[in-house]
Amino acid sequence: MTQDIAPRDRLIVALDLPTVGEAEAMVDRLGDAANFYKIGLELTYGGGLELAKRLAKAGKKVFLDLKFHDIPNKVARATAQVADLGATFLTVHAYPQTMRAARGALSNTPLKLLAVTVMTSYDDNDLREAGFALGVRELVARRGAQARDAGIHGIVLSAEEAAGMRAVVGPDMLLVTPGIRQADGDLADQKRVMTPARAIAAGANHLVVGRPITQAVDPRAAAQSIFREIAAARA
Ligand code: C5P
């Protein structure tokens with residue numbers, strides 16, 4: 001099973017902050033309370049790739065949430081660039097051609113690919129409007145199986161979908177779940193949330209947590225509290 005993951009690497013802190021300066025200040029504040037950071041589109045276009053390199057050099061792990069989707073040649077070459085940055089995770093859209101191209105570009109790098117099956121902002125009507133015949137549930141399951149068949153390492157999905165996806169993809173793929181809130185946490189704009197303990201019990205391998213840590217009065221204490229809940233759930 002792929003589940004042999006260091007406990008401190010199960011928590012991924014989403015650095016959803018507008019500037020590299022704010023992101024670096026957050027990384028400094030968290031110190032050894034966080035080891036794995038997600039950098040998304042906003043921060044990437046605000047200097048986040050240089051930050052990703054610095055974090056990797058400093059021994060932190062980096063999840064670049066760039067959701068690649070382009071013609072195979074472009075996907076392959078961009079994936080190789082991300083591998084050279086020293087990133088640990090990269091997202092790609094779960095189109096078979098895109099996934100195969102990204103997978104083929106990894107050669108012997110430690111970079112792992114995560115598939116985004118269907119964006120959680122989409123419902124069945126949005127898929128129909130975009131020309132798809134399948135509904136969300138069917139398309140998520142189909143793309144999960146296609147990701148596994150393409151040799152993709154994991155899938156980003158809500159914790160509510162984790163158990164169902166585990167049945168589709170088997171024990172070896174990583175399930176990475178955002179939408180995590182501790183029992184007393186503020187939901188912000190997340191509608192479907194799970195506690196860290198329940199997400200782990202549902203089969204999640206890594207939890208992505210943003211605002212509950214980055215907007216906390218004491219981010220370090222918040223990260224430590226979530227980490228303790230994850231560690232207890234694994235015990
Ligand atoms: O602040 P919060 O913990 O809600 O942040 C969750 C992170 O996970 C954000 O970076 C968000 O973009 C990401 N995410 C999500 N829902 C998805 C996919 C990714 O919240 N379906």
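These numbers come from the heavy atoms of this one structure, side chains and all, not from hydrogens, waters or symmetry mates. Residues: numbered from 1 along the sequence shown.
- Taking the side chain as every heavy atom from C-beta outward, Val118 and Phe132 never approach each other to under 4.5 Å.
- Classification of Asp149 and Arg143 as a salt-bridged pair fails, no side-chain N sitting under 4.0 Å from a carboxylate O.
- In the hydrophobic clustering of this structure, Leu175 groups with Val136; members are Ile, Leu, Val, Met, Phe, Trp, Tyr whose side-chain heavy atoms approach within less than 4.5 Å, directly or through other members.
- A salt bridge links Asp65 and Lys67; the closest N-O separation between the charged side-chain nitrogens and carboxylate oxygens is under 4.0 Å.
- Between atom CD1 of residue Ile155 and atom CG of residue Leu113 there is a gap of 12.0 Å, rounded to the nearest 0.5 Å.
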query = Should Arg181 and Met194 be marked as a side chain to side chain contact (heavy atoms under 4.5 Å, CB included) after you check the CA-CA gap, both sets of side-chain angles, and the distance that decides it?
reply = CA-CA 6 Å; Arg181 295 292 181 270; Met194 252 194 211; over 6 Å; no
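- The hydrophobic clustering, which links ILVMFWY residues whose side-chain heavy atoms are closer than 4.5 Å, places Phe227 and Leu15 apart.
- Side-chain atoms of Arg103 come within 3.5 Å of backbone atoms of Gly151 as a donor-acceptor pair (strictly under, hydrogens ignored).
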message = Does Phe68 form a ring pair (Phe, Tyr, Trp, His ring centres under 6.0 Å) with His93? I'd like the steps, not just the answer.
response = CA-CA 6 Å; Phe68 282 175; His93 280 284; 9.8 Å; no
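- In the hydrophobic clustering of this structure, Ile213 does not group with Leu187; members are Ile, Leu, Val, Met, Phe, Trp, Tyr whose side-chain heavy atoms approach within less than 4.5 Å, directly or through other members.
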inquiry  = Test side chain to side chain contact (heavy atoms under 4.5 Å, CB included) on Thr117 and Leu139; report intermediate values, then the result.
reply    = CA-CA 8 Å; Thr117 55; Leu139 192 55; over 6 Å; no
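- In this structure, the side chain of Arg10 engages the main chain of Asn205 through a donor-acceptor pair within 3.5 Å.
- Glu138 contributes a side-chain N or O that, together with a main-chain N or O of Gly135, makes up a donor-acceptor pair within less than 3.5 Å.
- Annotation: side chain of Leu85 is in contact with side chain of Leu49 (closest heavy-atom distance under 4.5 Å).
- Considering only heavy atoms from C-beta on, Val75 stays 4.5 Å or farther from His69 through its side chain.
- Lys61 has its side chain within reach of Asp9: a pair of non-hydrogen atoms, C-beta onward, lies under 4.5 Å apart.
- Within 6.0 Å of atom CG in Asp189, more than 12 heavy atoms from other residues, nucleotides or ligands are found, so the atom counts as buried in its surroundings.
- Between Lys112 atom NZ and Phe63 atom CZ the span is 13.0 Å, to the nearest 0.5 Å.
- Taking every heavy atom of both residues into account, Gly48 and Val20 meet most closely at N-CG2, 3.9 Å.
- Annotation: Arg142, atom CZ; neighbour count of heavy atoms from other residues, nucleotides and ligands within 6.0 Å does not exceed 12.
- Shortest non-hydrogen contact noted between Ala204 and Leu207 is CB-CD2, 3.7 Å.
- Here the shortest heavy-atom pairing between Met99 and Ala115 reads SD-CB, 4.0 Å.
- Arg128 places no side-chain N or O within 3.5 Å of a backbone atom of Asp123 that could act as its donor or acceptor partner.
- When atom types are taken as modelled, the side chain of Lys60 and the backbone of Ala34 share a donor-acceptor pair closer than 3.5 angstrom.
- Two residues are said to be in side-chain contact when any heavy atoms from C-beta on lie closer than 4.5 Å; Gln182 and Pro212 fail this criterion.
- The backbone N or O of Arg8 lies less than 3.5 Å from no partner atom in the side chain of Asn35, so there is not a single donor-acceptor pair.
- Taking each heavy atom of Gln146 and Ala94 in turn, the nearest pair found is OE1-O, 4.4 Å.
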Residue pair Val13, Val209: steps toward the side chain to side chain contact (heavy atoms under 4.5 Å, CB included) verdict = CA-CA 5 Å; Val13 178; Val209 185; 5.9 Å; no
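- Arg228 meets the side chain to side chain contact (heavy atoms under 4.5 Å, CB included) test with Gln224, Ser225; sequence neighbours excluded.
- With rounding to the nearest 0.5 Å, the separation of CG in Leu127 from CE in Met119 is 11.5 Å.
- Remark: side-chain polar atoms of Arg192 are not paired, donor with acceptor, to backbone N or O of Ser158 under 3.5 angstrom.
- Among all heavy-atom pairs drawn from Leu157 and Met165, the shortest one is CD1-CB, 3.4 Å.
- Distance CG/Leu11 to CD1/Ile230: 5.0 Å, rounded to 0.5 Å.
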Side chain to side chain contact (heavy atoms under 4.5 Å, CB included) assessment of Met173 paired with His153 = CA-CA 5 Å; Met173 282 182 85; His153 305 90; over 6 Å; no
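- Listed by chain and number, the residues in a ring pair (Phe, Tyr, Trp, His ring centres under 6.0 Å) with Phe36 are Phe89, His206 (sequence neighbours excluded).
- Remark: side-chain polar atoms of Thr91 are paired, donor with acceptor, to backbone N or O of Leu66 under 3.5 angstrom.
- Counting heavy atoms from C-beta on, the side chains of Asp70 and Thr98 never come closer than 4.5 Å.
- Ion pairing between Arg137 and Glu161 fails under the 4.0 Å rule for side-chain N and carboxylate O.
- The environment of Arg220 atom CZ is dense: over 12 non-hydrogen atoms of other residues, nucleotides or ligands sit within 6.0 angstrom.
- Criterion: ILVMFWY side-chain heavy atoms under 4.5 Å apart, direct or through other members. Under it, Leu90 and Tyr45 are part of a common hydrophobic cluster.
- You'll find the side chain of Thr195 stays beyond 4.5 Å of the side chain of Ile180, heavy atoms only.
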key: Steps toward salt bridge (charged side-chain N to carboxylate O under 4.0 Å, His left out) verdict (Asp84, Lys53)   = CA-CA 9 Å; Asp84 284 348; Lys53 278 191 213 165; over 6 Å; no
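- Proximity of Glu42 to Leu17: side-chain heavy atoms (C-beta onward) are nowhere separated by under 4.5 Å.
- Taking NZ from Lys191 and OG1 from Thr120, the interatomic distance works out to 9.5 Å, rounded to the nearest 0.5 Å.
- Taking CD of Glu22 as the reference point, atom OG1 of Thr19 lies at 3.5 Å (rounded to 0.5 Å).
- Between Ala87 and Leu111, the shortest heavy-atom distance links the atoms O-CD1, 3.4 Å.
- Of the charged side-chain nitrogens involved, none lies within less than 4.0 Å of a carboxylate oxygen, so that Asp16 and Arg211 do not count as a salt-bridged pair.
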